[in-house]
Amino acid sequence: MVRTGDLTILVPFDVSDAEPPALDVLDDLGAVEVVLLGYFPVPDQAEPALLRDQYGSEAAARLDAVADERGAHAEMLVFTHDREATIDRIADEYDCDAVLTAGNSAGVERVLVPLRGDVNLDRILGVVADLLLAGEETATLFHSVPEDVDPSQGELLLMGAVDRLVEYGVDRDRVDWRLAEGGDPQSDIADLAAEYDLVVLGETEPSLAERIIGTVLVGIVDALEVPALIVRDVE
């Protein structure tokens, strides 16, 4: 099955921060649909409506400025007690494939795609295929094998994933793979990411509280200096 290149990305950012987010990466992702979410964090003891009355105009202006600069399929402003729940709700509402975290980017030519196994694999590869078909990037699929696991299992996972991308219509010359043995996956990903312009990660914990960026991913994303595209697991 050849993918169509249709990809919708949710881009959340904190509109209470006067500094605009670093979203240069959007200029390099090809023809993807962008949904902008400007969220304003509301403390537990405060009423969202009161903060909206006080800061709504300022927050809307910041959201509009980013939308004008980057373009967006849709944009919305939310005052929220729960950032993660808001991101999850909006991602569902607009049927977004992935969520982008801001980060420094000087252009996207090389994409790192860590794979943990079969978890969320179909959706991750679908998003990577759409991303590559929409742009000119190359991708490296990566898997870290625990010390007590046969590395051939990791090789089969990676080679099978490359074959799947080729079936989706991606030129094989644009995809390679790397395997690490006996290391710490989180550290391996953070170290390797320094060689790449964008990291594509799979959502880890489809719980109501932490659907998009669960506790496992938080440590990885926080360690990255480059943007990350987190593929939703909505199966």
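Nothing fancy with the numbering, it's 1 onward along the sequence. Just so you know, these numbers come straight off a predicted model, no measurement behind them.
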Residue pair [X] / [Y], side-chain heavy-atom distance below 4.5 Å:
{"X": "E33", "Y": "Y94", "value": "no"}
{"X": "V128", "Y": "V175", "value": "no"}
{"X": "L51", "Y": "P43", "value": "yes"}
{"X": "V108", "Y": "E136", "value": "no"}
{"X": "L158", "Y": "R178", "value": "no"}
{"X": "Q153", "Y": "V145", "value": "no"}
{"X": "Y168", "Y": "L132", "value": "no"}
{"X": "E109", "Y": "T138", "value": "no"}

Inset, instruction - Starting from the C-alpha separation in whole Å, work towards a yes-or-no answer on side chain to side chain contact (heavy atoms under 4.5 Å, CB included) for T86 and R83. - result: CA-CA 5 Å; T86 298; R83 170 184 175 274; 5.8 Å; no

Legend entry - Heavy-atom closest pair, residues L179 and E155: CD2-CG, 3.7 Å

Inset, instruction - Locate the shortest heavy-atom distance separating L125 from L165; write the atom from each residue and the value. - result: O-CD2, 3.4 Å

Inset, instruction - Would you mind telling me which of D92, D97, D95 makes a side chain to side chain donor-acceptor pair (under 3.5 Å) with R232? - result: D92

Legend entry - Cluster check V15, L50: I/L/V/M/F/W/Y, side chain < 4.5 angstrom: no

Inset, instruction - Could you walk me through whether W177 and V113 pass side chain to side chain contact (heavy atoms under 4.5 Å, CB included), step by step? - result: CA-CA 9 Å; W177 58 268; V113 187; over 6 Å; no

Legend entry - Heavy atoms from other residues, nucleotides or ligands near CD of E195 exceed 12 (cutoff 6.0 Å): yes

Inset, instruction - Give a yes or no answer on whether the side chain of R174 reaches the backbone of E137 with a donor-acceptor pair at less than 3.5 Å. - result: yes

Legend entry - Trace of the salt bridge (Lys or Arg N to Asp or Glu O under 4.0 Å) decision for D122 with R164: CA-CA 9 Å; D122 287 342; R164 184 84 62 85; 2.6 Å; yes

Legend entry - Between CG on residue L112 and CZ on residue F142, distance to nearest 0.5 Å: 7.5 Å

Inset, instruction - Could you tell me whether the side chains of T80 and D82 share a donor-acceptor contact shorter than 3.5 Å? - result: no

Inset, instruction - Take E47 and V42 through the test side chain to side chain contact (heavy atoms under 4.5 Å, CB included) and record every step on the way to the result. - result: CA-CA 7 Å; E47 287 292 334; V42 178; over 6 Å; no

